[in-house]
Amino acid sequence: MALLRKKSRTDIAKERASDLWDEAADLASKAADVVGPKLHDAADALAPKIKDARDAAAPYVADARDAGASKIGDVRDAVAPRLHDARDAGASRLHDARDLAADRLHAAGPAAAAALGKTRLADTRLADTALVDPPKKGRRFTKVLIVVGLGGLAFWAVRTFTGGGSAGSTYTPPPPPPPAPAPKPAPTAPTDGSVAGDAPSAS
C-alpha cells in the first residue's frame, strides 16, 4: 500500500487560489452575458434623450453666448472713451513736462556755461602755474660732459696702472736716468810730515 504524501500549506493555498480564480472567471462571464444586453439597451434608450437635451439647451447656450458677446461689446464701448481720454491726458501732461524741462534747460544754459567757463579758466591757470621748477636746458649737456669725462679718466687710469696698450702703439717709455757719479776718495795725510795741499817749493 502506497503511502500518501501529506500536502503542505503552500500547496493547499495554491489549489484554493486556483479554484477561486476559476469561480471568479465564471461569474465574470455570466455577468457579462447578463449585463451586456442591458447596457446596450440603456445606451439605445439614452441616445435620444441626450440628443433632445442638447437640442433643448442649444438656444440657451446661443443666448448666453450672445449675451456675453453683447456685454463684452458694452464693456469695450464703455472703456474705449476712458482709454481715449486717459491717452489724451497723458499726452498733454507729457507735452507740458517736455516744455517745462526745455524751459528749465534753456534757463540753466547760461549758468552752466558760466560754471564751465570758470572751470576751464581754473584748469588753465592751474596748468600755467609752475608747481615744479622746469628743468634747465644746460643740465643735460653738462651731465653728458661729466659722463664722457669720467669715462676718459677711467680709461686713462686703466691703461696707466696696467702698463699695457693696444698693439702697434707708438708710445715708448722715457730712458732711465744716468747713474750718479762715484764719490771721490778723501785725501790722506803724508807720512813725511809735510802738510797736504802745499805745492813743492823750487830750490
Side-chain angles (χ1 to χ4, degrees), residues 10 13-151:
T10 305
K14 286 181 179 180
E15 289 179 359
R16 289 182 180 178
S18 178
D19 295 339
L20 290 174
W21 181 259
D22 294 338
E23 291 178 3
D26 293 339
L27 290 175
S29 177
K30 291 178 181 179
D33 294 339
V34 174
V35 174
K38 293 182 178 180
L39 289 176
H40 185 71
D41 295 340
D44 292 340
L46 288 175
K49 294 182 180 180
I50 293 173
K51 185 177 180 303
D52 294 340
R54 185 176 59 187
D55 294 338
Y60 296 102
V61 172
D63 293 341
R65 183 177 58 195
D66 295 338
S70 124
K71 289 182 179 180
I72 292 174
D74 295 340
V75 170
R76 183 178 57 193
D77 294 339
V79 171
R82 295 182 181 181
L83 290 177
H84 186 71
D85 295 339
R87 184 180 61 188
D88 293 341
S92 173
R93 290 180 182 179
L94 181 62
H95 184 70
D96 295 341
R98 184 177 58 189
D99 293 340
L100 180 61
D103 293 339
R104 290 185 178 180
L105 287 176
H106 184 71
L116 181 60
K118 291 180 180 179
T119 304
R120 289 181 178 176
L121 180 61
D123 293 340
T124 305
R125 289 179 178 175
L126 183 61
D128 293 338
T129 303
L131 300 178
V132 180
D133 293 336
K136 295 182 180 179
K137 295 182 179 179
R139 284 188 177 180
R140 186 173 181 182
F141 183 69
T142 305
K143 290 181 179 179
V144 172
L145 288 179
I146 292 173
V147 170
V148 171
L150 291 176

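Predicted model, so just to flag it, every value in this text is computed and none were measured.
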Quiz: residues 39-47 side-chain donor-acceptor pairs under 3.5 angstrom, not counting sequence neighbours:
residue	atom	partner	partner atom	Å
H40	NE2	D44	OD2	3.3

List, one per line, each side-chain donor-acceptor pair under 3.5 Å for residues 16-32, sequence neighbours excluded.
none

**Study point:** Residues forming a salt bridge (Lys or Arg N to Asp or Glu O under 4.0 Å) with D55, sequence neighbours excluded
**Key:** K51
**Study point:** Residues forming a salt bridge (Lys or Arg N to Asp or Glu O under 4.0 Å) with K38, sequence neighbours excluded
**Key:** none
Distance-only check: which donor-acceptor pairs under 3.5 Å involve side-chain atoms of residues 66-75, not counting sequence neighbours?
none

Study note, to complete from the structure: T10 meets the side-chain contact (heavy atoms from CB on, under 4.5 Å) criterion, sequence neighbours left out, with S8, K14
Review point. Who are the side-chain contact (heavy atoms from CB on, under 4.5 Å) partners of I146, not counting sequence neighbours?
Key: T142, L150
Practice item. Could you note down all residue pairs passing salt bridge (Lys or Arg N to Asp or Glu O under 4.0 Å) where residues 92-114 supplies at least one of them, sequence neighbours left out? Key: none
